[in-house]
Each structure stands twice: as C-alpha cells, then as structure tokens.
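Below is one structure, written out as structure tokens, with a few remarks after it.
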Amino acid sequence: MAISAPQKKTAGRRGRSAPGLIFGDLWQYDPAPETADPKLKPRYDLFIDGEFVAPRGGKYFDTINPANEQKLAKIALAGAADVDAAYRAAHRAYEKVWSRTSGRERAKYLFRIARLLQDRAREFAVAETMDGGKPIKESRDFDVPMCAAHFFYHAGWADKLEYVAAGRRVAPLGVVGQVIPWNFPLLMLAWKIAPALAMGNCVVLKPAETTSITALKFAEILQDAGLPPGVVNFVTGAGATGAAVMAHPLAAKVAFTGSTEVGKIIMRSLAGSGKKMTMELGGKAANIVFDDAPLDQAVEGIVNGIFFNQGHVCCAGSRLLVHEPVADAVLAKLKNRIKVLRVGDPLDKNTDLGAINSKDQLEKIRELVDSGVKEGAELYQPPCRLPEKGFYFRPTLFSDVTMSHRIAREEIFGPVLSILTFRTVDEAVEKANNTAFGLSAGVWTDKGSRILKMSTELKAGVIWANTFNKFDPASPFGGYKESGFGREGGRQGLLDYAKLT
Amino acid sequence: MVCDLMNAGQSASFRKLFDEIGPVDSVGVEERVAKYTTRSIKKAAKLWGLKMAISMVDLTTLEGKDTPGKVASLCRKALRPHEDPGVPPVAAVCVYPSMVRHAKKHVGGTSVKVASVATAFPSGQAPLKTRLGEVRAAVADGADEIDMVINRGAFLEGEFAEVQDEISAVVEACGAATLKVILEVSELETYDNIRAASFLAMEVIREGDFIKTSTGKTSLNATLGNNQVMIEAIRDFYLDTGTAIAMKPAGGIRTAKQALTFLIAVKETLGDAWLNKSRYRFGASSVLNDLVRQIEKEKTGAYQAPYYFSEAAESY
Amino acid sequence: MTRLPITKTPKVYVGGAFIRSESARVFPLQDAAGNFFGNIPQCTRKDLRNAVEAAAKAGPGWAKRTAYNRGQILYRLAEMLEARRAELIGSLTMFGAVQADAARGVDAAVDRLIYYAGWADKYEQVLGSVNPVAAPYFNFTVTEPMGVIGVIAPDVPPLLGLISLVAPAIVSGNTVVALVSEKFPYPSILLGEMLATSDLPGGVVNLLTGFRKELVPTFATHTHLRAIVGAVGAADRKALELGAADSVKRTHFVDPDATDWLADTAQGLEAIRDTLEFKTTWHPVGA
C-alpha cells in the first residue's frame, strides 16, 4: 500500500508544475473594527497616594497610537521629586495601613480589582491596542483576561501565606519598585502588582514610556476598588524616571522586566545596596521541531511563537531549529501559513499582526533584518499590503541561518524568525543552549521520553513541549542565565516578594 | 524478529501508516480552529460567504419516514431556497437510494445534483456485494453523487487494504457519479485516525471525489476540529500528488455563523481554489434556513423570525 | 635520638587533584604560637579559571547522579570528617581556637553535612510543583542546579562556614569553586583530603587558598560562575554584585559578623533554593 508521505517526498513531479495553494482575494474580509470606547482622557497625571497629581516639574510627553502615529494623550513626566513622593506615600501606606491589613482583607481588594477589570474589559482592550499597537484580538482574548486572572490567582494567596514556604514564616518586604516594558503593559503590571500586594507589600510602578495609558486607567480601578491610598503608585516617564524608581532608598526590592542590557545597568546601579531583585530580561528561544512532530500543530506553534504580539515577546520562539528530514516540509507549511496572516489595523478584529510598538523598535527590526540579508540568510515575506501610516513590519522568515549570524544571536523583538537545522538530538540541544539567554524553549516531538530529555537538557526557565507561548498565573515564569532571575507566577513567584523569618 | 514485526498485522500497519503521514496533536488542532471562531465577517464579505455556503449545501433528508412528497418539497427548497432571486440554489439534494428517482424528477436538468447515500448507510454493515448493488441501483436511478461509508471495523483492525479495496470497488460501481467517502469520524475517535483514514480514502478515489466527516447518525458529527484535520490532509495530499480532493463536513452545522467559520477554515487552509461547491459541501438541512435568514437580515437590517422561512425546523 | 617528623606540604584540592598554585606562589602560615607551619598556595586568577573549568567539567555528571546517590555521598563525606574529627579539631586549635569551640565547630560541620545529605531527595518535593493551569495542559515546575557556583567562605569559622555554604550548593548537583578562609586555611586543606576519599567525584568541590583582594575581582567577573554565595563584608559584596551584573549572575550573601554558624538558622532549604533554577514545562493533554 502506498500512502503518500507529504513530509518526506517533494511535491510536483513528472513534468507537472508543482501544485500550489491560492491565497488570493476571492473572499476578502470587510473591515471589522472594534468600536468600544476606550474612554481616554486628553491628559494623564501621576497616580500618587490614591490621587491623580500633576508632575512637580510640570512636564508632559505625548503618547501616540503606533498604528497611525496620531497622538492619543499627554502623559506626565515624573521627576525625582515625584518618584520620591510616590515612595513616601507607599511607605506611609505600608507602615500605617497595608502591613496592618489582614491577608483576608487584602485578598478581597485583589478580588475586587479583578472583577472591576472584567467589567471594563473591552474598554481596556481597546485602550491597550490603541496605545501599544497589538491586535485587538490579543488584547481582548489574552492581555486583559490574563491580567484579571493574575489578580484572581494572587487574591487567593493573600490569606494563605503560611503555605507558601514550608517550615518558614513569610513577611512582606515593604515597598517594592517595579519597572515594566511596553509589550504587555497591563499584563506585566498584573504580574508585578498582584503578587506584591498579596504578600503585603506596597508598590511604586513605572509603566513603559510608550504604553502608560492602561496603567493610569488601571489606577481608576484601584480608586473604584477603594484600595487604600499609597498602596499602589504609578509614576510615568522614560529611562530617568525608571532609574529613580530603581534607585530609591525606600525600595526594599526592585523588579524589572525589560532588556538584558538595561537589566545589567540596574544590577550595577544597585550593587551593594542590599535590595532584593527580580529580573525578567531578554531571550532568544529555540523552538525545536523533530521529524516525528505533529507538523501542522508545530507550524501553528511556530507562528504563535514568533508572531504573537508582533514578536514583541521576550520568550518568543525566534530561533527555529528543524530536524533536517522535515526542514523543507516545515518551511513550505510555514510559508503557506503566514500567507494568511493579516497584518494591519490593530483595532480590526481580524488582524493577526498589528503595529510595531514604536518607530525606534521598527528601525531596530529593520536594521537586524538588513544584517540577516547581508550575512547571507534567505529572506521570505508574504506579499501583504501594509497601511501607509503607522509602524508595520511583514512577518519574516529567514532560512539558511547559521549560529554565527546576528539574527541567530541577538534578540530582534519583532516578527522575524531565524530558521536553522539540526541532525541529532545532541546537536539540537547544543545549538539551543549556545546562547547567553535562557528564558524559554520549545520542543515538538511525538516521543514522550525525548520530550522529558529535552526538557531536562534545555537551559531555560520555561519549556513548551508540543505547544508554545502559553501563560498562566499558576505557572512560574522566568529565565536562566542572562534572561534574568526570580520567577513570576505560581507559588515560586510569590515567594520572591517575601522575606522568610 | 523483523519478520515477526512485519507480520504483526494491526499494530504494524498502524505504525507504518502513522509514520508516513505524521501524528496530529489534538490540543493543537483545537487551538488552531479556535482562531477561526474569532474571525469577524461583516457586510459584503458576510453576504458573499452566506451565498457561497448556500450554494454548497447538500440539502439532506435521511429518515425512515421520508416520502416522495417530502422529497419533492425538499427539491423545491433546493432549487429556490428563498423567494429572493439573489439566493442561489443549493448544490444537491441528498436522499436514500429509494428516493433518488423521485428527486431526479424534480431537479433533473437543473444545477442541483441528486446525491444518494448508499452502501448500507449509516452502518455499512452489509455484505460488500449488497452495498455495491445499492450503489449501482442508485446510479441507475439517476444519482449524480454517491455518499458511501467506509468499513470502520476493518480500519480499526488495521485491515487497511480491505478498507481501500472496498472504496475502490465503490468507485468502480459509481461510474461517472461523484463519490463522497464518509469516514464516520466519531467512530474513529482520534484525530490521528481521522488523518489516516483520510489518506487511505484519498489514495483510491478520483480528483473531484470527496471525503466526508459523518453520516449524521452518530453522537458526534462535523466539528471544526475534524474538518481541520481532513482539510489539512487534503492539502498535504494535493501538494504531494497534485490531485485535488473535495471535502464535505456533515451533520452538526446548524447556524450560518458555524457555516461561515467552516468556510474561513477552508479559505485559510486550502485557499481560494476550494471555495466552491465542487470542492466543498455542507451536509446539512436546517442550516439552509439560517443562511437565508441571515442574508435577509444583512439586506433589511432587521432580525428575522424563523417562521418566515419554509420548513424551518425551529419554527414556533 | 628524636625522629624528625615529615611535614605535609599544604596543597589545594582542585579537579580531584592536590595542586600548588600555577603561579608557584605561596604565603607562609604561622600557628597560634607564631611558629612556622607551612607554605600555603597563593592561588591566582588563573587557578580560579582552572578550577572553574574543572567544576564545569564535573557538573553534568554530578547533576545526573540520582538524588539518592548525592545524598549518600554527602553522608560519606560526613563519615570521613567524623573519622578525622580529632585532626580537624587540632587544625583549629593549632591556630588559636579554644578546644571546646573547635570541637563544637567540627561537630556542627559534620551535622550540617548530614542535614544537607538528607535533603538530597526531598527538596524537589517541597520546592517543585504541579500547576493547575486554565487550559488542557499538564504543567509542572521542577528545580535544576544552576551550574558552577562561586563560594566565598568566611574567615571564621573556617571549616563550619565553608561547609555551610558548599553543602547546600552541591546537594542539588551544582559544582563549586570555593575561596576558603584566608586567615585559617589549614582546615580546608584537610577537608580537601576528606573530599578526595568521600566518593565525591573530582571537580565537584574545588578549594582555593589565597587572598580575597586578589581573587574576589575574578570571582565577580568570571561569567561561567552562575552564582556567587558568600559571607562577605560590604566592600566585597559591592564588588561581587557589580561584577555579577555583567553576566546577570545570581548573588546571595550573608553578613559574616551577624551570622551564628552554629545555630540551626544557619542551615535551611532556602540555602539550597539559592543555587537552583526553576524550570516550568508545559505539555498538552490530548489524544
């Protein structure tokens, strides 16, 4: 019996032109814009001690919609004095209120926050998409619900802290300073704030410069929830504000999510300070596909791994390692798959890839893609139309990549996949681990024992086996090596906000 | 030892087949198809999709109580699903073999085909000779298309040659009639089996013949998941051999929204060449009214009561 | 006629071998009475580099041992110490420790090894987890050793302090390069001999003698060291943390002046956790 073997034979023989699929315009989807009102204000002030206050320096900066480069609002620029005020408010709240609030009561605040966010989910999703450029489908179905889920999860811990560390008592650290990135503004805020509050800490948080709006909208929810003033404070601004948040003497701990480069700067600046740290830094994850893998699901995982959120994901599966026997088949399937990815208006419900978060980021992606071409890798981009205004980049595949190429070593943080091949399990492991990063890795195979071996050998904090880019509040997330230290999520993440006594 | 393995029958043949076509991860399939359900189809795209879906319907009645009169009314509905002339006729009417000649009287000479389930539908549990005789009789009565069921027992036993030989015999009995091979996915249980059975069938049918999910007579019918596994098999087979096989999900598709979601899966997996009634069909009946109803809603802007539409099962 | 005793040439234990510094430098050590005791290797940054390589080479094999086996080996090490208890006490009193204190210190060191030996096949059950994610996935978190760990031992107590820092690092499969007490190196030289006879594979524990001010900068910046644990003062701490930033190294320090090494609070699961990574694996549950 001769069953055809699509992944082993090559298509198109005996003089016929190779069969191909037509992904044309026979059935074009009409625009399907999400129309919910994001309820934006023209100006956002700092959120300190439970109130919105103007920055002492009186300065504001514009935040734009990267999808069309239009100004959305102006955002307060916090200076050192504002950061200090935020810390003092947090410290006061910690000493006078929050450290005396029982776990049971803290839990109720967190549950309430989660519920209030769910009430306003669509509004927040639209705001998140407008400010950051991510597809509404993702902000609606992932960022906002996952943000609420984190508050729900950690709420339940607040009155059960005696179970967090076996044999030890846990206590809050005090005030924690947190700086978060622009790729998942609300979700990163939840990852930071929810465990901190559950453990009994107070917070000073700085959102990313390009994506401050949802944090300040979130402050409205904190007010509605009746959270005591000063327990959570938001200071907005750029690098200098962030540095002030990290360096403040009242910070018992700092938590940072961002690039490895900035993470190292923060570590240096805090050397000898005695502050606890959690660092969630960059990645260059290997996504490893063996010849016995479920290929269509692997392709879906590869696409999800690198094109989710335009590839602005620290754990993105940006290095595809394919087993040689299926390398051609996987590449062919990938090309067909990305032909139907829809790039464009992030507010369109059918958009799969939205806007690149900023012009700077777009330029960085372009520069690295140019280097890939110059270094001899083979580029493929599907022929899709991009909007004229705004920052967009086509989903991009690079084949014939070697480990020495910049696109195989540097974090691109964009929708760019570098494809390498391997022949043996050991070679796959060696290539996967041959990086200073160690945040995540993927492995695709039908063989159970191989999954467990790979999961053991790969030096990364999260291993996705036969899946990719999955997140959950109960699942600890964080890196090995230069991808940072500490965990976020789960019991393990919670412990990073505690001191043991 | 090697010989022992080769002769191990069932397990060896499964292993060999799965090695060749590759495995399917069920959770991954579910996640893929969940993305289709988030597509938002509006306005012109929606109208186009609804009409396309209507043109793909195999309007079906497969009941013991079917009568020539019921079939006649079904045929009228097939030719003209709605008074609106912009609504196209369906692809075919699908009936039991005894009803073929009645249906032919009404739709013969039109674009609407007569399809007949045969081969001891739905179980297939009759001697091959009987099943082939049924096919020949239906074709002789004027059936343009034959919907057969595969031998699930033989498949699950790993007797793949038997499965394929039977399909081949039906192909021969069909003559010029188009064949639709029902895998009866609910009885195959796993996506791996569905993919395997798809390949077994595609190997022995002709360009333009169909593989089809279900009889509609078991607990689970067409789902986005098994539709996806089958259209991916069709895609792989086409890219490998150049032979384009058609697809028919059947049973369980009741709403226009569901039908559009299935079409989105087709558009994004197989591409434009499968967005027509010779490459894709819906085995269904009640979905037709909802499709028509949604077209009227798009045109008038007003939501429509079901009893405006003839033979609406959910009229009350 | 009195017999002239054979004095032992102090050597450090690196990569399973007893070596002198590659630089051939030594520094003289006097006993408490001020008599010349011996020449101690003055290890250099190159010795540190070599020790890290030995540790890295030993790492995968050590980490792959079963937890049960690692526990047994730590227990065996305790047996070696217990058997040479008198000699270890002597190595402390010779340099000024009071007999009773020295005995308590050695006993505590042996007990600490037993404590961590027992953790070998248990810490994973306490620290790891199965996580109930809201999707059809089996999700579990396990721990893994970080790799090569730099240990900066306190000056006092020279033996107990060193063992308190080394044992929790190696019990999980890490390997260690330790800078031992600068003032009282001799107990560590003896410890090396016990390590060599304890079934602990060569390279798992590497002990360097020498000067902090020379070696701390290299500990700080060597990027292959994945973590530094130590009992150090503020200046060393800052230097080590500054260097650690270059390769995002994990650091865990205790204040040597504020630590009661004899107390049970100087041991615990947290010390093991400090040199572990958490790894979370997802897998679909399907058919």
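Chain letters run A, B, ... following the sequence lines, proteins first, then strands; residues in each count from 1.
Summarising the local packing, CD of A/Glu430 is surrounded by 12 or fewer heavy atoms from other residues, nucleotides or ligands at distances under 6.0 Å. Counted within 6.0 Å of NZ on A/Lys264, heavy atoms from surrounding residues, nucleotides or ligands total more than 12; the atom is thus considered enclosed. Remark: C/Tyr75 OH is loosely packed, at most 12 non-hydrogen atoms of other residues, nucleotides or ligands lying under 6.0 Å away. Atom NE2 of C/His224 has 12 or fewer heavy atoms from other residues, nucleotides or ligands within 6.0 Å. No more than 12 heavy-atom neighbours from other residues, nucleotides or ligands sit within 6.0 angstrom of NZ on C/Lys183. At most 12 heavy atoms of other shown residues, nucleotides or ligands fall within 6.0 angstrom of atom CZ in C/Arg45. The 12-atom threshold is not exceeded at CD of A/Glu261, counting heavy atoms of other residues, nucleotides or ligands nearer than 6.0 Å. Other residues, nucleotides and ligands place no more than 12 heavy atoms under 6.0 Å from the CZ atom of A/Arg115.
Listed options A/Gly489, A/Ser440, A/Ala460, A/Ala166 were ranked by heavy-atom pairs under 4.5 angstrom with chain C; first place goes to A/Ala460. Chain C forms the most heavy-atom pairs under 4.5 Å with one residue out of A/Leu281, A/Thr260, A/Thr456, and that residue is A/Thr456. Taking A/Phe468, A/Phe477, A/Phe471, A/Tyr153 one by one and counting their heavy-atom pairs under 4.5 Å with chain C, the maximum is reached by A/Phe471. Taking chain C as the reference chain and counting heavy-atom pairs below 4.5 Å, the highest number among A/Gly263, A/Gly479, A/Ala149 is found for A/Gly479. Taking A/Val443, A/Ile266, A/Asp472, A/Leu452 one by one and counting their heavy-atom pairs under 4.5 Å with chain C, the maximum is reached by A/Asp472.
Note that the CG atom of A/Leu495 and the CD atom of C/Glu270 stand 8.5 Å from one another [nearest 0.5 Å]. Between atom CD of residue C/Glu144 and atom OG of residue A/Ser455 there is a gap of 7.0 Å, rounded to the nearest 0.5 Å. A/Thr467 contributes atom OG1, which lies 3.0 Å from atom OH of C/Tyr137 (distance to the nearest 0.5 angstrom). The distance from atom CD1 of A/Ile451 to atom OG1 of C/Thr281, rounded to the nearest 0.5 Å, is 10.0 Å.
Side-chain contact between C/Trp282 and A/Ile463: absent, with no pair of heavy atoms (C-beta onward) separated by less than 4.5 Å. Side-chain contact between A/Arg268 and C/Asp246: present, with at least one pair of heavy atoms (C-beta onward) separated by less than 4.5 Å.
At distances below 3.5 Å, not a single donor-acceptor pair connects side-chain atoms of C/Thr280 with backbone N or O atoms of A/Ser475. Side-chain atoms of C/Lys279 come within 3.5 Å of backbone N or O of A/Leu458 as a donor-acceptor pair. In this structure a side-chain-to-backbone donor-acceptor pair under 3.5 Å is missing from A/Asn466 to C/His283.
For chain A, no part of C/Asp236 is nearby; none of its heavy atoms comes within less than 4.5 Å. If you measure heavy-atom distances from C/Ala134 to chain A, the contacts under 4.5 Å come from both the backbone and the side chain.
Residue-level contacts of residues 126-133 of chain C with chain A, in order of numbering, are C/Val126, C/Leu127, C/Gly128, C/Ser129, C/Asn131, C/Pro132, C/Val133; threshold 4.5 Å between heavy atoms.
Nearest heavy-atom pair across A/Leu270 and C/Glu241 is O-OE1, 4.0 Å. In terms of heavy atoms, A/Tyr480 sits closest to C/Phe278 at CE1-O, 3.8 Å. Across all their heavy atoms, A/Gln492 and C/Thr141 have their closest contact at NE2-CG2, 3.8 Å. The shortest heavy-atom contact between C/Ala245 and A/Met267 is CB-CB, 3.5 Å. Taking all atoms of both residues into account, the shortest heavy-atom contact from A/Lys481 to C/Glu277 is N-OE2, 4.3 Å.
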- request: Might you work through the salt bridge (charged side-chain N to carboxylate O under 4.0 Å, His left out) test for C/Lys64 and A/Glu457, ending with a clear yes or no?
  value: CA-CA 11 Å; C/Lys64 277 206 176 77; A/Glu457 301 272 323; 3.5 Å; yes

